[in-house]
Protein chains: 2
Amino acid sequence: MSARSPLLDADAPSRPGGHHGRRQPHPGCEGCLTRSLAVCAALPAADTAEMEQAAGELRIQAGATLAREGAVRRDVYTVTRGMLRRVRLLPDGRRLVAGFLMAGDFIGFSGASHYRHTFEAVTDCALCVFSLQDMQQLCRSHPELEAGMLRQACAELDSTRSSLMTLARLTPVERLAGFLLDMAARQQRLGACADRVDLPMTRNDIADHLGLTIETVSRCFTRLKQDGMIEFDAPRLIALVQPAQLQTLAGSQAE
Amino acid sequence: MSARSPLLDADAPSRPGGHHGRRQPHPGCEGCLTRSLAVCAALPAADTAEMEQAAGELRIQAGATLAREGAVRRDVYTVTRGMLRRVRLLPDGRRLVAGFLMAGDFIGFSGASHYRHTFEAVTDCALCVFSLQDMQQLCRSHPELEAGMLRQACAELDSTRSSLMTLARLTPVERLAGFLLDMAARQQRLGACADRVDLPMTRNDIADHLGLTIETVSRCFTRLKQDGMIEFDAPRLIALVQPAQLQTLAGSQAE
DNA sequence: CGTACGGTTGACTAGCCTCAACAAAAGTGG
DNA sequence: CCACTTTTGTTGAGGCTAGTCAACCGTACG
């Protein structure tokens, strides 16, 4: 529902529809924390040289726009640090957050010539950049990479289809329970502890992700707390006290 | 919301979690109507022999189950005729129709070892069957095929993500308008006329696809008719009188 | 002819959204 | 360091929309 924050419009993009920050030479895959998670994991260690050459490193600040809906889709990215949101707006201001992107996630599974979403940094972020052209070239010369991309695209399809059930048929509390578990699982995969969730995004982002209003999201948090399923260390740091009960609430919907 | 029809449970699957009907030898790609639409289009005509050998033909009747959620995912399919629905159920009976599959559509973009949806024939259907194994082998030996699969998987991701906006933020009439346009566009791609939509599925299917109830769907149909945007040739055959207005209603959400 | 099924319509209800006030935290500038 | 503003999150009151329940209609089919 929320209109775009004036803050985001203030710092206009340095390239038409492109990202802020400057593209730096890539520091190398060797020490990359996401090497085992991202699409590049499909390439054997011996073959990273060619990819490193095509890659650039990009750092953007919280609140900055990586790419704008409607802009020409020149680049694809792998998130290596931080969190972004995938946003789409309707002409009248209704907003959807189609997903949150974390370390290891790939931005670029699309057949469209223009971005179909705006990508905004929720926290400070670091990304691996490839020109779409280079990435396509890499895929042609390395079928294992293409296979890995297909595998990850399919995984993303599975997860997006699960979101359809969430939005179509789950109640607000069920949606929030599922969201907390989903975020917890993803953070755990990145090495965080299992029973605590960090939510860097605002309630507004959560609401627009779950198809609700901020008030409803807030009330659902309160209800989960009253029912003893969660506890607040801070509004954005939540302890999952009864993950099993949350799981039941969420309808046992995996990921 | 509807529980599964008793009719569908009556005719139990002939294979555990598998499809009805019998797998026949493949008649050949040459005369295939969907040759230019499906994933196989990525293969040059000279290379179809190997694929034909791996393929089988399958025909199933309206109401039959092609594959059941939770069953081992042994086969993948390309729809060549008819329509199927992709269904998921919650333990308490809430139902989601995650999509309708038509000629040219591929069933098998998933990373899961088990089907995550039940596939049911809405009309009599014909499909191309491949064992998952054979298809993976084909992909390895024909990188163009894998590239084509990736392209189509990305297209499906784009379209699924658009559905998120529909379910999260559009009003019932808007959802229905978008649905009608979507179906019309897909049928047009298959050679049907542009201003008429055939809806072989029930109102129940539409409701569970749009996250609504049958009553709401019915009322929205009536409203669109009263507003002069559509006309009923029959409950399941609808004329799009004002496609432009429908487009506006649907929020200009492409596909 | 009777039944079953799919679809439409009406009356009522409940749950989520809207509007509004308030509280807490974080930034800003003197 | 403190007053002030801005942003974010919570809570309450009330209205509206879509869901629920029920009746009814038309068609298909035995």
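Per chain, numbering begins at 1; letters A, B, ... match sequence-line order.
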I'd like to know if the side chain of B:Arg175 and the backbone of B:Leu167 have a donor-acceptor N/O pair within less than 3.5 Å. yes
Do B:Met165 and A:Arg94 have side-chain heavy atoms sitting under 4.5 Å apart? no
Please write out the pairs of protein N or O atoms and N or O atoms of nucleotides 8-10 of chain C separated by less than 3.5 Å, giving the distance to one decimal.
{"residue": "C:dT8", "atom": "OP1", "partner": "B:Arg203", "partner atom": "NH2", "Å": "3.2"}
{"residue": "C:dT8", "atom": "OP2", "partner": "B:Arg203", "partner atom": "NE", "Å": "2.9"}
{"residue": "C:dT8", "atom": "OP2", "partner": "B:Ser218", "partner atom": "OG", "Å": "2.9"}
{"residue": "C:dT8", "atom": "O5'", "partner": "B:Ser218", "partner atom": "OG", "Å": "3.0"}
{"residue": "C:dT9", "atom": "OP2", "partner": "B:Thr222", "partner atom": "OG1", "Å": "2.4"}
{"residue": "C:dG10", "atom": "N7", "partner": "B:Arg219", "partner atom": "NH1", "Å": "3.0"}
{"residue": "C:dG10", "atom": "O6", "partner": "B:Arg219", "partner atom": "NH2", "Å": "3.4"}

Carefully, step by step, assess B:Leu96 and B:Leu90 under the rule side-chain contact (heavy atoms from CB on, under 4.5 Å). CA-CA 8 Å; B:Leu96 171 78; B:Leu90 289 180; over 6 Å; no
Interatomic distance, CG@A:Leu127 vs OG1@A:Thr78, rounded to 0.5 Å, equals 8.5 Å
Phosphate-side-chain proximity, B:Thr213 and D:dG19, N/O vs OP1/OP2 below 4.0 Å: yes
Distances under 3.5 Å between protein N/O atoms and the N/O atoms of nucleotides 25-30 of chain D, please, pair by pair.
none

Give the angle between the helix axes at the two ends of the helix from C:dC1-D:dG30 to C:dG30-D:dC1, taking five base pairs at each end and rounding to 10°. 30°
Would you say the side chain of B:Leu58 lies within less than 4.5 Å of the side chain of B:Leu66, judging by non-hydrogen atoms? yes
Find the distance between CZ (B:Arg161) and NE2 (A:His117) and round it off to the nearest 0.5 Å. 5.5 Å
Give a yes or no on whether the backbone of B:Ser110 and the side-chain of B:Arg73 come within a donor-acceptor separation of less than 3.5 Å. yes
Using modelled atom types only, decide if a donor and an acceptor are shared between the side chain of A:Arg95 and the backbone of A:Val87 within a distance under 3.5 Å. no
For A:Phe221 and A:Leu176, which heavy atoms make the closest approach, and how far apart are they? N-CD2, 3.6 Å
Determine, for A:Phe100 and A:Arg186, whether the Lys NZ or Arg CZ falls below 6.0 Å from the six-membered ring centre while staying within 45 degrees of the axis. no
